[in-house]
Number of protein chains: 2
Amino acid sequence: MSPMTSAHSSPLTDRPQLGLRERKKIKTRTAIRDATYALIKEQGYDATTIEQIAERAEVSPSTVFRYFPTKEDIVLTDEYDPILLEELRKRPADEPWMESLRYVMRLAISAGLAEGPEVVRLRSHLLVQVPAVRSRMLESMSVTGRMLAEAVAERNGLDRDSLEARVYTMSLIGGLAEISLYWAENDFKDDLHDLLDRTLDVIEHGLPGKNA
Amino acid sequence: MSPMTSAHSSPLTDRPQLGLRERKKIKTRTAIRDATYALIKEQGYDATTIEQIAERAEVSPSTVFRYFPTKEDIVLTDEYDPILLEELRKRPADEPWMESLRYVMRLAISAGLAEGPEVVRLRSHLLVQVPAVRSRMLESMSVTGRMLAEAVAERNGLDRDSLEARVYTMSLIGGLAEISLYWAENDFKDDLHDLLDRTLDVIEHGLPGKNA
DNA sequence: CGTGAAATGAGAGTAACTCTCAAAATCTAG
DNA sequence: CTAGATTTTGAGAGTTACTCTCATTTCACG
């Protein structure tokens, strides 16, 4: 049932060995998520209720809510954020900022694709179609952005909460968010790494041929 | 009850004279909004229900939902967006892009403040405190961003739906959104025009002392 | 085992939204 | 000014995401 268990190790997919209870929790979590994806594929997002999800995942509705605060979270939670932040901080301090960023974002793309292409597509599709999901994603990205802002400030010797660091970061986040949307709207035919490069280029140098 | 009726005219507050029906609709709309603001000030956002709002505005709950699709929308709808877009398009084509942008954003700030400082503050406060409101705002800004992207593309001779225009625009939107949040989090003590200038500076030139 | 802690299930409750249909207000012709 | 068409409103029932509480089960660990 689980999409794919790659043989090689990666900083984003490795887990330390856990106790038995923890492992069961993870199992439940993915069971809920798998059930959700399956149901959405069959009926669409809105038509899928928590009750149905609970039933198919063989848990009670209460449990579903214990694992995910909202329905949207079932679809899009990526628990990578802290790991990515970590990776970013581990980059050498003399590496050009944009390169560090590119490296980490590539990591994120790979991690996403490793979950299986169908899942990524379904998710991006929902991002475009369902406002609540898109909304929740923006919100979650802005939380990530807040942490990222601290890393950015740290690296550039700015104040932790400076407007400048926050604006820069959110502008980054906003730009990056468009990648998923653009990709999904254009039927996933572009290569994500290409889109990333083009995006970072715009962020670094502005629009091609700007400033009339 | 209505906050303030300025004597001088402005492109964002003027309305053509409307039929009687239309005028009543506007009255209902602002009645609902005023009731909402008052109740939130008394009880907070979450404790305020649609039923209470309807009661105080002297309409039925059904009517509230007819005027505003969600509770969050009652708080933050700004109907300025199309007008701002219009203003932006009217700027001379040879004006540097950043200056056009600055001009329009200044207009937006003035229009916002013209509603009355308490309203603006309450709104920004909610933006920080209530996730659902913040979320809805990001969503609505991203819709605006979409339209803005077309204007940007047009002005810079890019394709209507080019990734570049969209990334640039959303990055802009993301940065601008931070202004409200930063302002509210720092107890409204900064001058909004200053924050705008600093923000546009970051967007145009990147972080001060960047690129290690 | 058996004891304490953590996870689950069951159920009741709230409130935001949706839909439908009938009553009321408003516009438009004659 | 009135009659009829149209638009706006209210009333009410229904759905569903989400919250809270409490009893029961499951698991860890000595």
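To find a chain, count down the sequence lines: A is the first, B the second, and so on, and within it residues start at 1. Atoms considered below: every heavy atom in the structure, side chains included; atoms not considered: hydrogens, waters and symmetry mates.
Taking 4.0 angstrom as the limit, A:K24 places none of its side-chain polar atoms (N or O) nearer than this to OP1 or OP2 of C:dA7. When the side-chain nitrogen and oxygen atoms of B:Y67 are compared with OP1 and OP2 of D:dT8, none of them lie within a distance under 4.0 Å.
None of A:L200, A:L176, A:V202 except one satisfies the side-chain contact (heavy atoms from CB on, under 4.5 Å) rule with B:V167; the exception is A:V202.
Residue contacts for A:P61: at a heavy-atom cut-off of 4.0 Å it reaches no nucleic acid atom on any strand shown. B:T63 comes within contact range of the sugar-phosphate backbone alone, with a heavy-atom separation under 4.0 Å but no base atom that close. Here A:F68 lies out of heavy-atom contact (under 4.0 Å) with every strand.
Atom-to-atom, CZ of B:R136 to P of C:dA16 comes out at 16 Å; the value is rounded to the nearest Å. Residue B:I50 contributes atom CD1, which lies 17 Å from atom P of C:dT14 at whole-angstrom precision. Rounded to a whole Å, the CZ atom of B:R23 is 15 Å from the P atom of D:dT8. Rounded to an integer number of Å, the gap from CD1 of B:I32 to P of D:dT9 is 8 Å. Atom CD in B:E72 sits roughly 10 Å away from atom P in C:dA16 (whole-Å rounding). Taking atom CD1 of B:I53 as the reference point, atom C1' of C:dA16 lies 11 Å away to the nearest angstrom. Rounded to whole angstrom, the span from the CG atom of B:D46 across to the P atom of C:dA16 amounts to 9 Å. One atom, CD1 of B:I26, and another, P of D:dT8, lie 13 Å apart when rounded to the nearest Å.
Nearest nucleotide to the A:K25 side chain, out of C:dA15, D:dC18, C:dA7: C:dA7. For A:R66, whose side chain is taken as the heavy atoms from C-beta onward, the closest listed nucleotide among D:dT8, C:dT18, C:dG9 is C:dG9. For B:S62, taking side-chain heavy atoms from C-beta onward, the closest of the listed nucleotides D:dC18, D:dG10, C:dA7 is D:dG10. Nearest to the side-chain atoms of B:T70 among the listed nucleotides D:dC18, C:dC17, D:dT16 stands C:dC17.
Inspection of the A:S142 and B:R134 side chains reveals no N or O donor paired with an N or O acceptor under 3.5 Å.
Looking at B:R21, its side chain has no donor and acceptor atom pair within 3.5 Å of the base of C:dC27.
Under 4.0 Å is where a charged nitrogen must lie from a carboxylate oxygen, and between B:R102 and B:D197 at least one such pair does.
In this structure, A:L84 and A:A108 approach most closely via the heavy-atom pair CD1-CB, 3.8 Å.
Taking the six-membered ring where tryptophan is involved, the planes of B:Y168 and B:W97 are tilted, since the angle between them lies from 30° to 60°.
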